[in-house]
Amino acid sequence: MTDTPTVRATLHGYPRQGPGRELKKAVEGYWAGRATEAELLGTAAQLRTDARRETAAAGIGEIPTGDFSLYDHVLDAAWAVGAVPARHRAAGLGELDTYFAMARGTADVQPLEMTKWFDTNYHYLVPELSQDTVFSPDSRKQTAEFTEARDAGHAARPVLLGPISFLLLSKPAPGASPGFDPLTLLDRLLPVYASLLADLREAGAEWVQLDEPVLVQDRPAAVLGATARAYRDLCAATVRPKLLVASYFDALGEALPVLADSPVEGLALDFTGPAAANLDALAAIGGLPDRRLIAGVVDGRNIWAADLERALSTLATLLGLAGRVDPAPSCSLLHVPLDAAAERDLDPQVARWLSFARQKTTEVAVLARALTEGRDAVAPQLAASRAALASRAGSALTRDAAVRERCAAVTGADTRRPQPYEERAAAQRARLGLPLLPTTTIGSFPQTPELRAARAALRTGRLGEDGYRERIEREIRDVVAFQEKAGLDVLVHGEPERNDMVQYFAEQLDGFLATRHGWVQSYGTRYVRPPILAGDVSRKAPMTLAWTRYAQSLTERPVKGMLTGPVTMLAWSFVRDDQPRAETARQVALALRDEIADLEAAGTAVVQVDEPALRETLPLRRAARPAYLEWATEAFRLATGGVRADTQVHTHMCYAEFGEILSAIDALDADVISLEAARSRMGIARELSEAGYPREVGPGVYDIHSPRVPSVDEIADLLRQALEAVPPERLWVNPDCGLKTRSPEEAGAALENMTAAARRVRPSLRA
């Protein structure tokens, strides 16, 4: 296919799951032995075909390929360059099972570590590299998916994670030399990328997109120099497609002139949110004359309908700065649900404010048409855009005077617990009477098909409120009885009533809207339905009190009250963009403060307010971080600041790099914090110790994102490693995260091993 200078609407990527989460069902069916490899791959091929057809029919002139993944696109990149750890190669599995072993592990082999994809709610698998890594190209997936699209008559552009981002998103493998830096492997990696690019060119690809999102973060001169060298060398190849380097989620800053000075034929830039600064920066360097620019003018991460007039204004400016401008979303549409039209339960007034992947695809196509045919050709669409924006701005659904008055009355005293930690710790020890290395779990227990069926039956009226309550109480009784038998010291009620740790609360708070079909991939086959935060937030009634009180009535051991914190409520929702996030967080914090007060009044001695999103929401640029951390930690303290000294406040975080926010973790002033640590072998415990963290810590000893059940010996070894960093009187024993995604058999065996390991280690602490 020949490339022409005409404007083409395009995308970076598209949701993978299908309208009915067909991919999830196919992958899990394969894992369970209900589907063959051929059946799984056939389902995947059909989903790709359907996505290409619908995006082309909507007006997308150039289709991305290679963005589809059975599990994770970073894992796909590791496979494409041969970065398969030796333990997975040696497992004796077929290719597909080796791929999934890297993602999930096996009974004998640990998976790759998992962490957040920048400041999104998507998780990626972290490649492991060492000085001994030998790369080798495998272009089969990329060339096959490109060929699928080409043979179906589509103009296609393969998309692959770029070499700089691949290396910087990796971590040293176990056994790597001390201080090993993956970037030192660049010269070894570039020939492999050159081979992949040559294979794609020979398959007929005219353009290939290499994603370099790490360049929107603050990077030292060494990284910028490596970037310049990488693209100089790749562009020097004799057989290659045209290269387009893409970045998103923030402004490129100092990396923009580096890429502009490189020989690549095009750039793809984000022009939404904080990345809008790319516009002035591009003008300041004289633009990209004679080169292609893919302009991300439609927000690919949030669900509000685009301001098409504003997007057209940005595009008009960009037309004077680049040789060719193609409109696009700001990033892959992986981060939004598939189709807002499927949400028939929403108020029609609200529905017109929304734009999911299919609607964003149409918005981009409208913008491309406006550029090629003129504004008159899309006058009805521009009018509809203006009307939707005006409807939302003027709606009474978005503002509540009482909520705003309460927020305005908050003082500094409301965001501080009056007693110092030492005084609180003594009061809590006296009240709780816990042993050294107290054992607990994070919150959720496995969500069985029977529980999901009960919630569905309640929604459809096939099960009444009394029958539903009886079913949930039966589950709570079973969970409490198991924990007592297993020997846990601080119990949870298991959260059987909760579909999701954010959605459950959103459905009970004014200001939030819930979707029925708004699924978004979190990792692998784990999908969530982020709520939509459309208006001012307040609590209508107690949300957790009845279930927590019932669980506590079944046992003499303390049962934690379980809440989701204000930052996580925002981060895992589609947040409103018409007011500062700090203001919205304060509203949520006050609603949670009311809930905590009710729990405490009912006798709850331990309250856990989970903030797993504190790190992932950290702005990508350092300059914006202090302001964010100030309001984020203040919101947590506002939620928890009203409790008594002998009420123990826990928080939980998981699957993120915590080193950059250790001071913020301290500023939360929680009595106990539990964190992911199993895959990183207690790395966070050592970091907290080195930072002088003064309160109690529960570094996770059970990786709940893998079907592996760790042995007593393995957990005991992790506890001994943790004790090298944390004194025994401040160390808790718990899993990495909630157990919702595990089977009852896996979770039960792991918790029994966990409590046995704690019992094994405790006697040595008394000696």
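On a predicted model such as this, the values are computed, not experimentally measured, just so you know.
- Contact check on R406 versus D594 returns a salt bridge, with a Lys/Arg side-chain nitrogen under 4.0 Å from an Asp/Glu carboxylate oxygen.
- Contact annotation: the side chain of I476 never approaches that of V479 to less than 4.5 Å [non-hydrogen atoms, C-beta and beyond].
- Distance check, rounded to the nearest 0.5 Å: CG of D250 to CD of Q217 gives 9.0 Å.
- Between R581 and R586, the closest side-chain pair of non-hydrogen atoms is not below 4.5 Å.
- Closest approach of A409 and D414 over heavy atoms only: O-OD2, 4.2 Å.
- Salt bridge present: E475 and R471 bring a charged side-chain N and a carboxylate O closer than 4.0 Å.
- Listed for the R417 side chain is a donor-acceptor partner under 3.5 Å among the backbone atoms of R644.
- Judged by distance alone, the side chain of K560 and the main-chain N or O of T441 form a donor-acceptor pair under 3.5 Å.
- Residues W572 and E616 have side chains that bring a donor and an acceptor to within less than 3.5 angstrom of each other.
- Between the T755 side chain and the G487 main chain, no donor and acceptor come within less than 3.5 Å of each other.
- Checking D536 against Q587 by side-chain atom types alone, a donor-acceptor pair falls below 3.5 Å.
- A cation-pi contact links R301 to F249, judged by a cut-off of 6.0 Å to the six-membered ring centre and 45° from its axis.
- A donor-acceptor pair under 3.5 Å links the side-chain atoms of S706 to the main chain of R104, judged by distance alone.
- Side-chain N/O atoms of Q648 and H650 include a donor and acceptor closer than 3.5 Å.
- Y122 and D72 share a donor-acceptor pair across their side chains, judged by distance under 3.5 Å alone.
- Remark: R526 engages D500 in a salt bridge, criterion side-chain N to carboxylate O under 4.0 Å.
- A side-chain donor-acceptor contact under 3.5 Å links H705 and Y523.
- With no hydrogens or angles considered, no side-chain donor-acceptor pair links Q447 and K740 at under 3.5 Å.
- Residue T651 comes nearest to L668 through the heavy atom pair CG2-CD1, 4.2 Å, listed as atom of the first residue, atom of the second, then distance.
- Distance alone, capped at 3.5 Å, places no donor-acceptor pair between the D610 side chain and the P612 backbone.
- Looking at heavy atoms from C-beta onward, T647 lies out of side-chain contact with T604 at the 4.5 angstrom threshold.
- A salt bridge does not link R477 to E470: none of the charged nitrogens lies less than 4.0 Å from a carboxylate oxygen.
- Judged by distance alone, the side chain of H652 and the main-chain N or O of D736 form a donor-acceptor pair under 3.5 Å.
- A donor-acceptor pair shorter than 3.5 Å can be found between the side chains of T584 and Q579.
- Between P438 and V733, the closest side-chain pair of non-hydrogen atoms is not below 4.5 Å.
- Nearest heavy-atom pair across V492 and G443 is CG2-O, 3.3 Å.
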Can I get a per-line list of side-chain donor-acceptor pairs under 3.5 Å for residues 418-427, giving both atom names and the distance, sequence neighbours left out?
{"residue": "Y421", "atom": "OH", "partner": "E696", "partner atom": "OE2", "Å": "3.2"}
{"residue": "R424", "atom": "NE", "partner": "D671", "partner atom": "OD1", "Å": "2.9"}
{"residue": "R424", "atom": "NH1", "partner": "Q419", "partner atom": "O", "Å": "3.0"}
{"residue": "R424", "atom": "NH1", "partner": "D669", "partner atom": "OD2", "Å": "3.1"}
{"residue": "R424", "atom": "NH2", "partner": "D669", "partner atom": "O", "Å": "3.1"}
{"residue": "R424", "atom": "NH2", "partner": "D669", "partner atom": "OD1", "Å": "3.0"}
{"residue": "R424", "atom": "NH2", "partner": "D671", "partner atom": "OD1", "Å": "3.0"}

For side chain to side chain contact (heavy atoms under 4.5 Å, CB included), just list the numbers for W117 and L169, CA-CA rounded to whole Å, side-chain angles, deciding distance to a tenth of an Å, and then say yes or no.
-> CA-CA 9 Å; W117 177 248; L169 292 173; 3.5 Å; yes
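- Heavy-atom minimum distance, A664 versus L629: CB-CD2, 3.7 Å.
- Contact check for D218 versus R621: side-chain heavy atoms found under the 4.5 Å cut-off.
- A donor-acceptor pair is defined here as one N or O able to donate and one able to accept, closer than 3.5 Å; no such pair exists between the side chain of T568 and the backbone of T564.
- Residues L437 and L723 are in side-chain contact: their nearest non-hydrogen atoms beyond the backbone lie under 4.5 Å apart.
- Side-chain contact check for L434 versus V490: some heavy-atom pair is nearer than 4.5 Å.
- Salt bridge annotation for E497-R455: absent, with no cationic side-chain nitrogen under 4.0 angstrom from a carboxylate oxygen.
- No hydrogens or angles considered: a donor-acceptor pair under 3.5 Å links the side chains of T544 and E595.
- Remark: side-chain polar atoms of T415 are paired, donor with acceptor, to backbone N or O of G412 under 3.5 angstrom.
- With rounding to the nearest 0.5 angstrom, the CD1 atom of I704 is 4.5 Å from the SG atom of C737.
- Across all non-hydrogen atoms, the minimal contact from T515 to R529 is O-NH1, 2.9 Å.
- Separation of atoms CZ (F445) and CZ (F482) is listed at 6.0 Å; rounding is to 0.5 Å.
- Contact check for Y527 versus V520: no side-chain heavy atoms found under the 4.5 Å cut-off.
- The shortest heavy-atom contact between T398 and A534 is CG2-O, 3.5 Å.
- A salt bridge does not link D489 with R557: none of the charged nitrogens is closer than 4.0 Å to a carboxylate oxygen.
- With Y550 contributing its side chain and L545 its backbone, the two residues share no donor-acceptor pair below 3.5 Å.
- Separating the CG atom in N734 from the CD atom in E676 is a distance of 11.5 Å, to the nearest 0.5 Å.
- Side-chain N or O atoms of R539 include none that pairs as donor or acceptor with a backbone N or O of L509 at under 3.5 Å.
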